[in-house]
Each structure stands twice: as structure tokens, then as C-alpha cells.
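All heavy atoms count here, side chains included; hydrogens, waters and symmetry mates do not. Note that the coordinates shown come from a computational prediction; the quantities given were computed from them, not determined experimentally. Start at 1 with the first residue, then count along the sequence.
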Amino acid sequence: QVQLVESGGGLVQAGGSLRLSCAASGLIFRIKNMGWFRRAPGKDREFVAAINWSTGSTYHGGSVKGRFTISRDNAKNTGYLQMNSLKPEDTAVYYCSAGPSLGNYDFWGQGTQVTVSS
């Protein structure tokens, strides 16, 4: 199993920045890709970004492209989501996920709340 623990959420004003972290433990070798998703109240879960754990190749969803950046530190077994130019519509619970391939996530964190005030 892989355990994922998110941190770094909070309340920020529009235009501000936050950096989310996702610390992984357990069977790290099972992580081939790490992804970030979010769910806003009353909305479906939305893909935010993903990263190939070995190559570092990244993918970002259209609504966050140019504002959010996913990265990882293999030595620390930690993934990050740098969020800049935050908007009220970015308000959601953000979840870290990991799995064997892009789009296939077996493991999920508990989520961290991000609230952007206008």
C-alpha cells in the first residue's frame, strides 16, 4: 500500500499563492504517476495536474494551465502543487493521488481545503 498525506491548504486572497505538498510513504515503487484533483461544492471531481514520477513529465488541466505547477522531489518522496494567481473558483478540496499509470490512480490522500476569497 501507499499512504499519501496532503498539507499546505488554507485561506488566501484572490491573486495569492499556496503550495500544496503530498508526502508519500509505504510501497513507493508502486508510484509511477502522481496526480492532483479537486472537488468544489456541488461539482464533479476535476483533474488538476499529474506528473510522471521517474521522468518528471507534467500534465496540467486547462483551467489551471499557466497558474499551477506540479513537481516532485524523489529524494523526499513528496509531490508539490504550486498554485499562483489563485481565483475564487479555485476553492475546493484538493486531493493527491498516485498509481501505476496516467489516469489510473489506486491511492488517494485525505484531501486539503483551499479557500480563495474575493
Side-chain angles (χ1 to χ4, degrees):
Q1 293 294 327
V2 174
Q3 293 77 45
L4 302 172
V5 179
E6 302 101 332
S7 61
L11 173 65
V12 64
Q13 288 188 331
S17 299
L18 283 174
R19 188 177 81 156
L20 305 183
S21 299
C22 177
S25 60
L27 302 178
I28 301 298
F29 69 88
R30 297 187 67 177
I31 299 176
K32 305 304 180 186
N33 286 273
M34 178 175 279
W36 287 94
F37 291 78
R38 66 187 183 185
R39 187 188 296 274
K43 295 187 177 181
D44 292 333
R45 186 176 67 193
E46 178 186 8
F47 169 77
V48 177
I51 187 166
N52 183 295
W53 200 248
S54 59
T55 68
S57 297
T58 62
Y59 311 86
H60 294 83
S63 62
V64 305
K65 196 169 293 184
R67 299 187 298 123
F68 292 10
T69 303
I70 190 171
S71 63
R72 92 285 190 232
D73 185 330
N74 297 76
K76 295 182 178 180
N77 294 328
T78 300
Y80 303 97
L81 184 68
Q82 178 66 43
M83 306 186 295
N84 298 328
S85 301
L86 283 161
K87 304 175 182 180
E89 50 264 45
D90 295 318
T91 295
V93 177
Y94 284 72
Y95 297 91
C96 172
S97 60
S101 62
L102 190 64
N104 184 6
Y105 299 100
D106 297 330
F107 309 104
W108 293 83
Q110 81 287 351
T112 185
Q113 177 71 47
V114 171
T115 303
V116 184
S117 63
S118 57

Specify the closest pair of heavy atoms between [X] and [Y], including all atoms of both residues, with the distance to one decimal.
X     : Y     : value
Ala98 : Leu4  : N-CD1, 3.7 Å
Asn33 : Asn52 : OD1-CA, 3.4 Å
Ala23 : Thr78 : CA-OG1, 4.0 Å
Asn84 : Ser17 : OD1-OG, 2.9 Å
Lys43 : Arg39 : O-CG, 3.5 Å

Which pairs count as disulfide (SG to SG under 2.5 Å) when at least one residue sits in residues 4-112, sequence neighbours excluded?
Cys22-Cys96
Co-membership, hydrophobic cluster, residues Val5 and Leu20, 4.5 Å side-chain:
no
Would you say Val116 and Met83 are hydrophobically clustered, going by side-chain heavy atoms of ILVMFWY under 4.5 Å?
yes
Side chain to side chain contact (heavy atoms under 4.5 Å, CB included) between Val64 and Leu81: does it pass, once the steps are laid out?
CA-CA 11 Å; Val64 305; Leu81 184 68; over 6 Å; no
Can you tell me how far [atom2] of [Y] sits from [atom1] of [X], rounded to the nearest 0.5 angstrom?
X      : Y     : atom1 : atom2 : result
Met34  : Tyr80 : CE    : OH    : 10.0 Å
Ile28  : Gln3  : CD1   : CD    : 8.0 Å
Ser118 : Gln13 : OG    : CD    : 9.5 Å

Sort out for me which residue in Arg38, Gln113, Glu6 forms a side chain to side chain donor-acceptor pair (under 3.5 Å) with Tyr94.
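Between Tyr94 and the candidates, side chain to side chain donor-acceptor pair (under 3.5 Å) is satisfied uniquely by Arg38.
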Connecting only ILVMFWY residues whose side-chain heavy atoms lie within less than 4.5 Å of each other, what is the rest of Trp108's hydrophobic cluster?
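Answer for Trp108: Phe37, Phe47, Tyr59, Val93, Tyr95, Leu102, Tyr105.
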Knowing that exactly one of Ser97, Pro100, Ser101 qualifies, which makes a side-chain contact (heavy atoms from CB on, under 4.5 Å) with Asp106?
Pro100
Under 3.5 Å donor-acceptor pairs involving side-chain atoms of residues 66-75, not counting sequence neighbours:
{"residue": "Arg67", "atom": "NH1", "partner": "Ser85", "partner atom": "O", "Å": "3.0"}
{"residue": "Arg67", "atom": "NH1", "partner": "Asp90", "partner atom": "OD2", "Å": "2.7"}
{"residue": "Arg67", "atom": "NH2", "partner": "Ser63", "partner atom": "O", "Å": "2.9"}
{"residue": "Arg67", "atom": "NH2", "partner": "Asp90", "partner atom": "OD1", "Å": "3.0"}
{"residue": "Arg67", "atom": "NH2", "partner": "Asp90", "partner atom": "OD2", "Å": "3.4"}
{"residue": "Arg72", "atom": "NE", "partner": "Trp53", "partner atom": "O", "Å": "3.0"}
{"residue": "Arg72", "atom": "NE", "partner": "Asn74", "partner atom": "OD1", "Å": "3.1"}
{"residue": "Arg72", "atom": "NH2", "partner": "Trp53", "partner atom": "O", "Å": "3.3"}
{"residue": "Arg72", "atom": "NH2", "partner": "Ser54", "partner atom": "O", "Å": "3.1"}
{"residue": "Arg72", "atom": "NH2", "partner": "Asn74", "partner atom": "OD1", "Å": "3.4"}
{"residue": "Asp73", "atom": "OD1", "partner": "Ala75", "partner atom": "N", "Å": "3.0"}
{"residue": "Asp73", "atom": "OD1", "partner": "Lys76", "partner atom": "N", "Å": "3.3"}
{"residue": "Asn74", "atom": "ND2", "partner": "Trp53", "partner atom": "O", "Å": "2.9"}

